[in-house]
> 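Here it is, the structure, as structure tokens.
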2 protein chains.
Amino acid sequence: MKEITIYDIAERLKISAATVSRGLKDDPLVNHKTKKLIVDAAEEMGYRSNSMASNLRNKKSNIIGVIVPRLNSNFMSDVIAGIEKVVNDANYNLFISQSLETMKKETSNAKAMFNNRVEGLLVSLAYDTADIEHFEPFIKRKVPVVFFDRVFEHPACPQIYIDNYKAAREVTNHLIDQGCKRIVHITANLLRSVYSERFNGYKKALEEHQLEFDDNLLIVNDLSSQAGIAAAEQILKMPVLPDGVFVANDLCAISCIQTLKKHGVKIPQDIAFAGFNNDPTTCVVEPNLTTINYKGYEMGEAAAKLMVAHLNNYDVKQMHSVVLRSELIVRESSLRKKN
Amino acid sequence: MKEITIYDIAERLKISAATVSRGLKDDPLVNHKTKKLIVDAAEEMGYRSNSMASNLRNKKSNIIGVIVPRLNSNFMSDVIAGIEKVVNDANYNLFISQSLETMKKETSNAKAMFNNRVEGLLVSLAYDTADIEHFEPFIKRKVPVVFFDRVFEHPACPQIYIDNYKAAREVTNHLIDQGCKRIVHITANLLRSVYSERFNGYKKALEEHQLEFDDNLLIVNDLSSQAGIAAAEQILKMPVLPDGVFVANDLCAISCIQTLKKHGVKIPQDIAFAGFNNDPTTCVVEPNLTTINYKGYEMGEAAAKLMVAHLNNYDVKQMHSVVLRSELIVRESSLRKKN
DNA sequence: GATGTTTTTACAATCGATTGTAAAATTCAT
DNA sequence: ATGAATTTTACAATCGATTGTAAAAACATC
């Protein structure tokens with residue numbers, strides 16, 4: 001099964017390969033009639049362009065790399081779906097890899113991407129990534145690196161995220177509104193800006209209502225389902241039970257709720273709950289979970305669009321960060337007052 | 001920022017590019033000492049191999065393509081995660097695209113994959129794919145096509161799936177065991193073997209217990225959350241309420257349960273429920289949903305491993321299909337007898 | 001028909017790594 | 001030291017598409 005090349009077409013038509021190459025891509029240097037002959041012959045002979053040869057010649061790989069902590073989370077698969085759509089429509093190809101939440105794998109993935117000469121890199125950082133040295137090779141070579149969700153501040157790297165500070169403040173305000181005075185905050189590594197921002201929003205809301213921040217009410221874990229159970233146990237052991245809990249993601253919030261329920265705690269009467277992400281599960285758990293909604297799909301789209309714009313040299317160099325909309329969705333888990 | 005090539009290294013060391021090329025890949029034709037010189041120089045000069053050049057020369061793309069119905073489902077993101085791991089470890093790269101459940105997009109994705117010269121294709125078919133004409137170009141060129149989950153029988157294409165027939169039969173048997181006599185089956189396009197097999201398993205179990213299959217108890221939809229609500233309404237309108245429901249996925253089962261609950265139906269006392277997939281949500285819904293567990297991650301791994309084996313010409317040509325383990329997980333939603 | 005314009009096509013080098021083969025360098029035996 | 005055997009290295013062609021430039025063909029003008 002021999003591959004057809006432009007040389008084969010050239011030979012068949014008794015013209016030069018250069019003309020074939022130009023003819024196939026609508027170059028004005030080629031006569032209409034010849035063009036048609038070329039395209040027809042290509043079709044008939046089953047020609048397909050060899051992207052490796054063309055990439056080599058053009059010094060372009062046509063590949064956009066993606067590194068995310070995990071592929072199998074609700075949020076992330078939405079993001080990937082959004083990225084895929086935009087990138088495919090722009091005729092780029094996607095290389096996807098996961099860091100499994102470790103900086104080590106993130107680094108090795110980045111190196112692989114680098115060696116594969118991706119033309120751009122979309123990144124959401126791992127849980128323990130402390131610096132972004134490993135992206136320097138890209139930045140040095142002016143390969144655009146765009147961060148999304150779990151971002152990192154760097155002058156050369158655009159960011160896509162939501163206003164975590166504002167959202168967290170809104171959530172906390174809502175809980176306070178509902179009469180909560182002792183609000184536990186469960187979150188993850190405060191090195192990640194998403195979590196530190198949420199934490200700051202939480203503190204700000206407390207402050208605005210003259211509630212003092214209590215160190216004992218802060219629980220830092222990895223926000224896994226497992227961690228939610230442990231957090232619940234920690235809460236049950238508190239000398240005074242809190243009356244509200246704001247968890248930085250839904251997964252952990254839900255397992256925490258379920259554990260507390262098993263111990264007879266009434267949600268929201270005893271403890272009001274709020275999560276973050278609006279996972280589908282939030283509408284299944286009883287009571288339904290109050291949360292922050294922000295669409296992963298749109299974040300993926302936005303990040304990919306920004307990347308494509310950069311690669312096409314559209315005028316976006318001045319766009320350093322894009323803040324996406326997010327909204328508080330109030331459900332039963334936090335409703336203690338009847339309106 | 002000029003890229004370093006083997007020619008640059010050759011010049012620096014005053015040897016030929018051929019030797020550099022060989023030295024970098026441990027060819028026995030190159031002296032130990034020279035090898036070290038080459039590797040050191042490459043390291044120092046910041047050399048990175050140009051995969052496009054090497055792919056062109058080797059006529060290999062190093063790319064494995066993946067086409068799935070949707071990226072953003074629990075099951076599928078697990079699968080992708082499994083595939084990613086295996087493929088990355090084997091030093092291949094992944095091109096991922098989604099058909100969005102339409103044969104049309106599946107076809108165009110396949111064409112794109114073909115033009116990008118993927119070396120292998122992993123496919124889970126779209127909802128309405130009726131034939132696999134669009135994969136013929138791959139098969140003709142001996143590019144391995146491996147189907148997983150939503151498979152299609154073709155002598156040249158290995159398949160990875162679970163025994164849907166057996167699993168469905170087991171689920172149905174369990175419901176019958178719990179005293180159900182009128183069991184509704186909610187499923188999707190019976191063209192897809194996953195669904196027809198489940199349907200057959202369901203019928204088989206009925207037959208084994210001398211229960212007659214009733215056409216009115218079969219509901220075919222797209223198994224979406226929306227469809228679950230509609231199905232619940234349809235059930236409520238039935239002249240005689242069923243006493244059991246077996247849904248071909250969890251998503252639809254859960255929305256159906258929730259709708260029925262809203263109408264005062266008691267689960268499992270009035271109607272026992274079972275789903276399929278073991279989504280995380282099954283442990284959140286009340287009552288927890290009985291379901292079939294099979295790990296997407298492992299399916300992804302298995303499919304990718306089989307692909308890599310084929311590409312490496314390991315002795316797997318005779319492995320036409322791989323059936324993965326699945327298990328019934330009994331939870332409250334179907335437990336009417338106390339053990 | 002000679003000259004000038006414009007359109008169309010061909011030549012040849014290039015992108016960087018790979019590999020069969022020939023040539024050179026080294027080692028060894030005598 | 002000489003020739004044979006072996007190790008090490010270099011030459012050159014190849015993979016297929018691209019593109020600047022030169023050459024050829026077609027056409028128009030006087």
Side-chain angles (χ1 to χ4, degrees), chain A residues 1-39 41-43 45-63 91 93 114-119 141, chain B residues 1-39 41-43 45-63 91 93 114-119 141:
Chain A
M1 180 68 56
K2 185 182 171 313
E3 283 293 338
I4 303 297
T5 71
I6 51 171
Y7 297 98
D8 300 319
I9 300 179
E11 193 177 5
R12 154 94 87 101
L13 298 179
K14 302 286 173 224
I15 58 180
S16 88
T19 306
V20 176
S21 171
R22 289 196 170 95
L24 286 171
K25 61 160 70 65
D26 246 13
D27 189 303
L29 287 185
V30 178
N31 186 309
H32 283 300
K33 285 176 136 182
T34 333
K35 219 175 270 182
K36 178 149 175 42
L37 282 177
I38 293 171
V39 172
E43 169 73 20
M45 300 169 76
Y47 168 80
R48 55 175 179 166
S49 166
N50 185 325
S51 55
M52 296 165 248
S54 129
N55 287 344
L56 171 60
R57 172 66 217 228
N58 293 325
K59 296 190 166 202
K60 289 196 41 174
S61 67
N62 250 314
I63 296 167
N91 277 312
N93 288 107
F114 186 69
N115 288 331
N116 275 299
R117 288 170 153 74
V118 297
E119 290 182 37
R141 276 179 217 247
Chain B
M1 180 67 55
K2 185 185 171 308
E3 283 294 338
I4 303 296
T5 71
I6 52 171
Y7 298 97
D8 300 319
I9 300 179
E11 194 176 4
R12 154 93 87 97
L13 297 179
K14 302 287 174 223
I15 58 179
S16 88
T19 307
V20 175
S21 172
R22 291 197 169 95
L24 286 172
K25 61 160 65 68
D26 247 14
D27 189 304
L29 287 185
V30 178
N31 186 309
H32 282 299
K33 284 174 134 184
T34 332
K35 218 175 268 180
K36 178 148 174 46
L37 281 175
I38 293 170
V39 172
E43 168 73 19
M45 299 169 76
Y47 167 81
R48 52 175 181 165
S49 165
N50 185 325
S51 54
M52 295 165 249
S54 130
N55 287 344
L56 171 59
R57 172 65 217 230
N58 293 326
K59 298 190 163 200
K60 290 197 40 174
S61 68
N62 249 316
I63 296 168
N91 278 311
N93 288 107
F114 186 69
N115 288 330
N116 274 298
R117 287 171 152 71
V118 297
E119 293 183 33
R141 285 199 156 81

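Protein chains get the first letters and strands the later ones, always in sequence-line order, with residue 1 at the start of each.
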> Would you say that B/N50 contacts B/E3 through its side chain, given a criterion of any heavy-atom pair below 4.5 Å between the two side chains?
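No - every pair of side-chain heavy atoms lies 4.5 Å or more apart.
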
> Taking only N and O in the side chain of A/S54, is any of them less than 4.0 Å away from OP1 or OP2 of D/dA17?
no

> Taking only side-chain nitrogens and oxygens of A/N50, does any of them come within less than 4.0 Å of OP1 or OP2 of D/dA17?
no

> Of the listed nucleotides (C/dC11, C/dT21, D/dT18), which one gets closest to any side-chain atom of A/A18?
C/dC11

> Can you find a side chain N or O atom of B/K59 that sits less than 4.0 Å from OP1 or OP2 on D/dG16?
yes

> For B/I15, which contact category applies under a 4.0 Å heavy-atom criterion: base, sugar-phosphate, or nothing?
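Answer is sugar-phosphate: B/I15 comes under 4.0 Å of backbone atoms only.
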
> Round to the nearest Å and state the distance from A/E3 atom CD to D/dA17 atom C1'.
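Going from A/E3 (CD) to D/dA17 (C1'), I get 14 Å.
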
> Rounded to the nearest Å, what distance is computed from the CG atom of residue A/N58 to the P atom of nucleotide D/dG16?
16 Å

> Is the side chain of A/R48 donor-acceptor paired with the backbone N or O of B/F114 at a distance under 3.5 Å, no angle test?
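Yes; judged by distance alone, with no hydrogens or angles, the pair exists.
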
> Taking the side chain as C-beta and beyond, is there a heavy-atom pair between A/R117 and A/I63 under 4.5 Å?
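Contact flag for A/R117/A/I63 side chains = no.
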
> When you get a sec, tell me which of C/dT8, C/dC15, D/dG16 is the closest nucleotide to the side chain of A/L29?
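The answer is C/dT8, which lies nearest to the side chain.
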
> Expressed as a whole number of angstroms, how long is the span from B/L56:CG to D/dA17:P?
9 Å

> Measure CG/A/D27 against P/D/dT19 and give the value in whole Å, please.
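Taking atom P of D/dT19 as the reference, CG of A/D27 is at 9 Å.
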
> Rounded to whole Å, how long is the line connecting atom OH of B/Y7 with atom P of D/dA13?
13 Å

> Starting at atom CG of B/N31, determine the distance to atom P of D/dT6, rounded to an integer number of angstrom.
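Interatomic distance, CG of B/N31 to P of D/dT6: 18 Å.
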
> Taking all non-hydrogen atoms of both residues into account, name the closest pair between A/A17 and A/I6 and its distance.
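Shortest heavy-atom separation between A/A17 and A/I6 comes out as O-CD1, 3.9 Å.
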
> For A/M52 and B/K60, which heavy atoms make the closest approach, and how far apart are they?
SD-O, 3.4 Å

> Has the side chain of A/R57 got a donor or acceptor that lies under 3.5 Å from a partner of the other kind on the base of D/dG20?
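It does not, because no donor-acceptor pair links the side chain of A/R57 to the base of D/dG20 below 3.5 Å.
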
> Quick one: label A/S51 by what it contacts on the DNA or RNA (base, sugar-phosphate, nothing), any heavy atom closer than 4.0 Å.
nothing

> May I have the distance from B/I9 (atom CD1) to D/dT9 (atom P), rounded to whole angstrom?
15 Å

> Given C/dT9, is OP1 or OP2 found less than 4.0 Å from the side-chain N or O atoms of A/T34?
yes

> Is the phosphate of C/dA17 approached by B/Y47 (side-chain N or O, under 4.0 Å from OP1 or OP2)?
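Answer yes for this pair, as a side-chain N or O of B/Y47 is under 4.0 Å from OP1 or OP2.
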
> Provide, to the nearest angstrom, the distance between the CG atom belonging to A/N115 and the P atom belonging to C/dA17.
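Nearest whole value for this atom pair: 12 Å.
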
> Just to be sure I understand the rule, does B/K14 reach a base, reach only the sugar-phosphate, or reach nothing, if contact means heavy atoms closer than 4.0 Å?
sugar-phosphate

> Can you tell me which nucleotide in C/dA17, D/dT21, D/dC15 comes closest to the side chain of A/R22?
D/dT21

> Check B/N62 against B/N91 and note the closest heavy-atom contact, atom names and distance.
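Between these two residues, the closest heavy atoms are OD1-O, 3.3 Å.
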
> Phosphate oxygens OP1/OP2 of D/dT18: is one of them under 4.0 Å from a side-chain N or O of A/S21?
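For A/S21, the contact criterion (side-chain N or O under 4.0 Å from OP1 or OP2 of D/dT18) is met.
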
> If the cut-off is 4.0 Å, is B/S16 near the phosphate of D/dA10, judged by side-chain N/O to OP1 or OP2?
yes

> Identify whether any heavy atom of B/N55 sits under 4.0 Å from a base atom; if not, whether one sits that close to sugar-phosphate; answer base, sugar-phosphate or nothing.
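No contact.
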
> Which nucleotide in the list D/dA10, C/dA17, D/dT18 gets nearest to the side chain of B/S49?
C/dA17

> Tell me whether the OP1 or OP2 atom of D/dA10 has a side-chain N or O from B/T19 closer than 4.0 Å.
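Yes.
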
